[in-house]
Number of protein chains: 2
Amino acid sequence: MATQTPDSPAAAPAARDAERTRSEILAVATREFADKGFAGARVDEIAAKTRTTKRMIYYYFDGKEGLYISALEQAYTGIRALEQQVDVEHLDPAEAIRRLAALTFDHHESHPDFIRLVSIENIHYARHIARSEILAGLANPALDALSRILERGRAAGQFRDDVDPIDVHMMISAFCVFRTANRYTFSAIFKRDMLDPARRDHYRTMISDLVLEYLTAGR
Amino acid sequence: MATQTPDSPAAAPAARDAERTRSEILAVATREFADKGFAGARVDEIAAKTRTTKRMIYYYFDGKEGLYISALEQAYTGIRALEQQVDVEHLDPAEAIRRLAALTFDHHESHPDFIRLVSIENIHYARHIARSEILAGLANPALDALSRILERGRAAGQFRDDVDPIDVHMMISAFCVFRTANRYTFSAIFKRDMLDPARRDHYRTMISDLVLEYLTAGR
DNA sequence: CGTATAACTAACTAACTAGTACATACATTG
DNA sequence: CAATGTATGTACTAGTTAGTTAGTTATACG
């Protein structure tokens with residue numbers, strides 16, 4: 001009798017809490033997969049870094065691949081939720097573009113794990129996204145917002161009329177993703193850390209300028 | 001005696017050819033590492049896809065990591081050699097930028113394995129580049145060419161005078177790398193293949209326009 | 001209060017995986 | 001043509017690794 005510590009306040013086994021166990025596994029797994037990739041991450045190590053055991057990974061996520069997909073889903077739904085909150089309808093079109101670009105810039109900078117998971121998923125030819133029902137049909141609020149901004153900008157004669165929202169989204173993403181995703185090789189070759197805080201504002205402004213000069217070209 | 005086939009013309013063991021063996025291993029390894037990442041690639045499988053044995057990998061490359069580094073070195077020296085050949089000194093600055101951007105665009109499109117290796121190396125925090133003497137001190141001819149173009153453009157009053165060559169290189173790289181590296185997740189989410197040949201010219205022109213509008217802004 | 005079920009643990013296993021020991025054949029050179 | 005080093009192949013091994021088996025404990029609920 002009394003295998004467990006009687007009543008120790010600190011080292012209590014945290015009782016039973018399915019949700020806490022599940023989310024702790026997911027949080028640790030996200031870090032591990034983002035750090036080492038799908039093949040490089042170790043199920044045993046993920047388990048060791050939680051307060052539970054490996055068996056629970058199989059209990060809740062059905063295996064390594066299921067866990068990886070869940071981590072991806074959580075990361076993507078996170079940025080989608082952020083995008084949903086953005087309200088740029090009341091802003092001048094140019095200012096709205098700036099706001100949207102800055103949002104992407106800030107998100108990517110503060111969520112390197114997300115960017116790394118995306119890189120890793122591309123190495124896997126987006127095979128897991130295709131397999132996930134959640135991710136395959138996830139709407140893109142930022143794209144809708146962008147479409148409306150471009151529409152307004154065109155109507156006001158401020159923006160050129162031959163640009164596609166997806167292309168604009170791509171320009172912004174390319175810049176912001178590259179800065180985070182390719183930070184290490186870039187720094188090794190050019191001896192310049194693109195994430196250096198001293199240069200942060202410079203790049204943050206640059207992406208807006210770049211896109212806006214393009215959108216307003218000849219006007 | 002006579003363990004080997006006496007004289008069969010087709011299935012001859014290709015005699016002995018150290019250079020051929022070495023380069024065949026390297027070619028197969030490049031494909032495997034680019035396809036599956038460092039942790040995902042299998043030494044046994046690389047060996048099986050060559051006409052030699054696993055033993056030779058250890059003989060020539062000293063192990064999995066040595067092989068991976070050699071593959072990286074080969075990929076990087078390839079693009080550096082290409083850049084060395086580019087001659088844009090005789091062109092109008094704007095046209096020179098277009099030429100340079102197109103060169104990057106074309107190279108990245110036709111060398112997806114290189115782009116994938118770069119992504120993979122970033123997942124590994126560029127640890128292997130740092131370790132490689134060849135890669136750590138590799139000059140960047142494209143950057144020198146770009147510096148001279150910008151200089152000329154500034155002198156002619158065509159370009160703004162507050163841009164850094166590394167930043168311009170980054171804009172071009174970001175766009176071209178993103179298009180190839182993030183092709184799969186982008187396509188899964190936006191249902192648009194950025195490498196579709198029908199859209200190729202569109203994107204190829206777009207990156208030049210984007211950079212040039214920025215460089216000539218307000219002029 | 002006792003029992004069904006959800007939450008959880010420890011120990012095990014079969015398959016894999018990077019790397020090695022050992023043997024040997026070929027080619028070059030004196 | 002002997003001998004010496006380079007190039008190559010076979011078989012093996014020690015350590016991992018994803019996944020499983022066989023349970024135990026806590027909690028909710030009648």
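This one's a predicted model, so the numbers in the text were calculated from it and none came from an experiment. Each chain gets a letter, A, B and so on, in the order the sequences are listed, and its residues count up from 1.
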Taken to the nearest whole Å, CG/A:Asp62 to P/D:dG19 is 9 Å
I'd like to know if B:Arg51 reaches the base of D:dT8 with its side chain such that a donor and an acceptor end up less than 3.5 angstrom apart. no
For the residue pair B:His128 and B:His124, does the interplanar ring angle fall in the parallel (under 30°), tilted (30 to 60°) or perpendicular (over 60°) class? perpendicular
Ring-face cation of B:Arg116 near B:Phe38 (centre distance under 6.0 Å, axis angle within 45°): no
Any donor-acceptor pair, under 3.5 Å, between the side chain of B:Lys54 and the base of C:dG19, if you only look at N and O atoms? yes
The nucleotide from C:dA7, D:dA7, D:dT17 with an atom nearest the side chain of B:Tyr60 is D:dA7
Which nucleotide sits closest to the side chain of A:Thr52: C:dT9, D:dT8, D:dA18? C:dT9
Between C1' on D:dA11 and CG on B:Asp44, what's the gap in Å once rounded to a whole number? 13 Å
Looking at the base of D:dT6, is there any donor atom on it, or on the side chain of B:Arg16, that sits under 3.5 Å from an acceptor on the other one? yes
Rounding to a whole Å, what distance do you find between A:Asp17:CG and D:dT27:C1'? 12 Å
With sugar-phosphate meaning primed atoms plus P, OP1 and OP2, does A:Ala41 contact a base, only sugar-phosphate, or nothing at under 4.0 Å between heavy atoms? sugar-phosphate
Between C:dG19, D:dG19, D:dT8, which nucleotide gets closest to the side-chain atoms of B:Thr21? D:dT8
Rounded to whole angstrom units, what separation is found between the CZ atom of B:Phe61 and the P atom of D:dA7? 12 Å
Measure OH/A:Tyr59 against C1'/D:dT21 and give the value in whole Å, please. 16 Å
Quickly work out the B:Tyr58 OH to C:dG19 C1' distance and round it to whole Å. 5 Å
B:Glu89 atom CD, neighbour heavy-atom count above 12 within 6.0 Å: yes
With rounding to the nearest 0.5 angstrom, report the CG to OG1 distance, A:Asn182 to A:Thr185. 4.5 Å
Tell me: CD1 of B:Ile57 to C1' of D:dT8, nearest whole Å? 13 Å
C:dT17 P sits how many Å from B:Arg55 CZ, rounded? 21 Å
Go through the steps to decide whether A:Arg42 and A:Glu32 satisfy the test side chain to side chain contact (heavy atoms under 4.5 Å, CB included), and finish with yes or no. CA-CA 8 Å; A:Arg42 298 286 166 246; A:Glu32 283 292 303; 5.9 Å; no
Base, sugar-phosphate or nothing for B:Ala47? Non-hydrogen atoms, less than 4.0 Å. nothing
